[in-house]
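Here the structure comes first, spelled out in structure tokens, and everything after it is commentary.
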Amino acid sequence: MSGYQRLGVNIDHVATLRNARGGQSPDPVEAALLAVKAGADGITAHLREDRRHIRDEDLRRLRTELRVPLNMEMAATEEMVNIACELRPHACCIVPERRQEVTTEGGLNVAGQVEALIPQVKRLRERGIRVSLFVDPDAAQIEAAAAVEAAVVELHTGAYAEGTEGELARLKAAARQAASLGLEVHAGHGLSFGNVAPVAAIPEIVELNIGHFLIGQAIFDGLESVVQEMRRLMKAARSVEV
């Protein structure tokens, strides 16, 4: 197996910690720059409707200060599309969002909202933004993602991370299908040192986006150390046949 696999680090929960007390510390932008120094290939930040962690100013600073791609996670709303079109991050990953959820609970139902997504994806693409759709490893959702002309699908690995039987096989099949349709394949949600290797070893997956585990583990080991260890595990997984 060959091919470099990118690591995107999600810095949302540095902002969660900051917002728990208010003020400016810890600074998610500083965390992003430190993650890049340690080997992150890109930074992901989710601007939620309720601004529970990342704020508009955080995104503006990231857009200015980062020298690696910024991936803006967002809901498929007019407000978020307008913000993205003004900010022009490298990429936008459209995710489902509910006010009461603690974290994103599942993939986007692309198949159920194709007509609504087509103009939104088009607007983003016209601003030079790569559009990714966060989907469950489901054939109908992947077909729909291709139909709305997204560039990327990010496969939701939450069920795999929770130990759901057969989920790794579903991820492998979904990755093959997406690649065959010309979609770039990413993956993320719930990945950790203990479970990342089998997902990293899927040859069609060219990027992993990981946040909560890295930020949590950084409390014990430091952010640079955990990013470097995740990079090591990903590289090791890519070096063996599965």
Side-chain angles (χ1 to χ4, degrees), residues 1-12 35 39-46 68-69 71-74 90-96 103-110 130-146 150-215 226-227 229-240 242:
M1 187 186 306
S2 61
Y4 181 78
Q5 187 176 60
R6 301 187 299 268
L7 171 62
V9 174
N10 185 315
I11 47 90
D12 289 352
D41 301 289
I43 296 296
T44 293
H46 184 174
V68 298
N71 175 35
M72 174 183 168
E73 286 190 349
M74 52 178 264
H90 171 78
C92 284
C93 183
I94 299 177
V95 303
T103 185
T104 304
E105 295 175 344
L108 185 70
N109 182 15
V110 183
R130 297 195 80 208
V131 180
S132 173
L133 302 178
F134 184 70
V135 299
D136 291 327
D138 176 85
Q141 299 300 335
I142 292 166
E143 289 176 8
V152 181
V153 288
E154 180 167 335
L155 300 178
H156 179 28
T157 55
Y160 160 79
E162 292 169 2
T164 302
E165 186 176 353
E167 201 65 19
L168 182 60
R170 287 186 70 207
L171 288 166
K172 290 178 179 179
R176 287 193 297 268
Q177 178 194 5
S180 74
L181 292 172
L183 294 160
E184 185 170 295
V185 188
H186 301 177
H189 201 83
L191 297 177
S192 68
F193 290 161
N195 64 26
V196 71
V199 176
I202 298 172
E204 294 84 3
I205 296 177
V206 300
E207 180 174 306
L208 298 181
N209 286 296
I210 306 174
H212 184 268
F213 172 80
L214 293 177
I215 301 307
V226 298
V227 170
E229 176 63 6
M230 187 61 78
R231 280 243 52 97
R232 186 191 71 77
L233 291 168
M234 290 166 59
K235 182 178 179 180
R238 301 292 275 193
S239 69
V240 297
V242 292

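Side chains are part of it too, since the values below use all heavy atoms of this structure and drop only hydrogens, waters and symmetry mates. Nothing fancy with the numbering, it's 1 onward along the sequence.
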Test Leu155 against every option in Val199, Ile142, Asp138, Leu208 by the side chain to side chain contact (heavy atoms under 4.5 Å, CB included) rule and name the one that passes. Ile142

Please report the closest heavy-atom contact between Pro96 and Phe134, naming both atoms and the distance. CD-CD2, 4.3 Å

Starting from the C-alpha separation in whole Å, work towards a yes-or-no answer on salt bridge (Lys or Arg N to Asp or Glu O under 4.0 Å) for Glu184 and Arg6. CA-CA 12 Å; Glu184 185 170 295; Arg6 301 187 299 268; 2.6 Å; yes

Looking at side-chain heavy atoms only, is the closest gap between Met230 and Leu214 below 4.5 Å? yes

Taking all atoms of both residues into account, what is the closest heavy-atom pair of Glu73 and Val95, and its distance? CD-CG1, 4.4 Å

Are His156 and Val135 side-chain neighbours, meaning at least one heavy-atom pair lies under 4.5 Å? no

Output yes when a side-chain donor or acceptor of Thr157 lies under 3.5 Å from a complementary backbone atom of Gly188, and no otherwise. yes

Any side-chain heavy-atom pair of His186 and Ile205 under 4.5 Å: no

When you compare the side chain of Glu143 with that of Gln177, does any pair of heavy atoms fall below 4.5 Å? yes

Please report the interatomic distance CG(Leu7) to CE(Met234), rounded to the nearest 0.5 Å. 5.0 Å

So, do Val152 and Arg130 sit near enough that their side-chain heavy atoms are less than 4.5 Å apart? yes

What closest approach, in Å, do Ala35 and Val227 show between heavy atoms, and which atom pair accounts for it? O-CG1, 3.9 Å

So do the side chains of Ile94 and Leu108 get within less than 4.5 Å of each other, counting heavy atoms only? yes

Could you measure the distance from the NE2 atom of His189 to the CG atom of Asn209? Nearest 0.5 Å is fine. 12.5 Å

Donor-acceptor pair between Thr44 and Asn10 side chains, under 3.5 angstrom: no

Does the pair Asn195 and Glu162 meet the rule for a side chain to side chain contact (heavy atoms under 4.5 Å, CB included), with working shown? CA-CA 10 Å; Asn195 64 26; Glu162 292 169 2; over 6 Å; no

Give the minimum heavy-atom separation between Cys92 and Met74, together with the two atoms involved. SG-SD, 3.7 Å

Would you give the length of the straight line joining atom CD1 of Ile43 to atom NE2 of His90, rounded to the nearest 0.5 angstrom? 13.0 Å

Is there a donor-acceptor contact under 3.5 Å from the side chain of Asp136 to the main chain of Gly107? yes

Sidechain-backbone polar pair: Arg170 side chain, Pro137 backbone, donor-acceptor under 3.5 Å: yes

In terms of heavy-atom contacts, Gly42 and Val68 come closest through CA-CG2, 3.9 Å

Any side-chain heavy-atom pair of His46 and Met72 under 4.5 Å: no

Apply side chain to side chain contact (heavy atoms under 4.5 Å, CB included) to the pair Phe213 and Val196, showing each step before the final yes or no. CA-CA 11 Å; Phe213 172 80; Val196 71; over 6 Å; no

So does Lys172 pair up with Glu204, basic N to acidic O under 4.0 Å? no

If I compare all heavy atoms of Asn71 with all of Cys93, which pair ends up nearest, and what's the gap? OD1-N, 3.5 Å

Check whether any side-chain heavy atom of Leu233 lies under 4.5 Å from a side-chain heavy atom of Phe193, and answer yes or no. yes

